[in-house]
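Here the structure is laid out as structure tokens; the discussion comes afterwards.
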Amino acid sequence: MVVLLIIAVVVVVVLRPDPIMRVLKGNRRPALDDPREILKRRYAAGEIDEDEYLRRMSGLSQDW
């Protein structure tokens, strides 16, 4: 029975390593209302051009 459990865990880790590693490392996806994520979405949607994206991202990276 224990052997089957170990095999199942190994299979899950091999097939789906990313979600498991995220949980183990404590990494979370960025919040949807994070300013950087909003900028990324606006750039991807074509609402702002590359210069505007880089300028605004640079402004967010500065410590005020």
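Numbers for residues simply follow the sequence, beginning at 1.
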Next on the checklist: Is any side-chain heavy atom of Glu52 closer than 4.5 Å to one of Tyr43?
Outcome noted: no

Next on the checklist: Please report the interatomic distance CZ(Arg41) to CD1(Ile48), rounded to the nearest 0.5 Å.
Outcome noted: 11.5 Å

Item to check | Atom pair CD/OH of Glu47 and Tyr53 - distance to nearest 0.5 Å | outcome: 13.5 Å

Checklist entry - Are Arg56 and Arg42 side-chain neighbours, meaning at least one heavy-atom pair lies under 4.5 Å? => result yes

Checklist entry - Does the Ser61 side chain pair with the main chain of Met57, one donor and one acceptor, at a distance under 3.5 Å? => result yes

Checklist entry - If Ile, Leu, Val, Met, Phe, Trp and Tyr residues are connected whenever their side-chain heavy atoms lie under 4.5 Å apart, and connections chain through other members, are Leu39 and Leu54 in the same group? => result yes

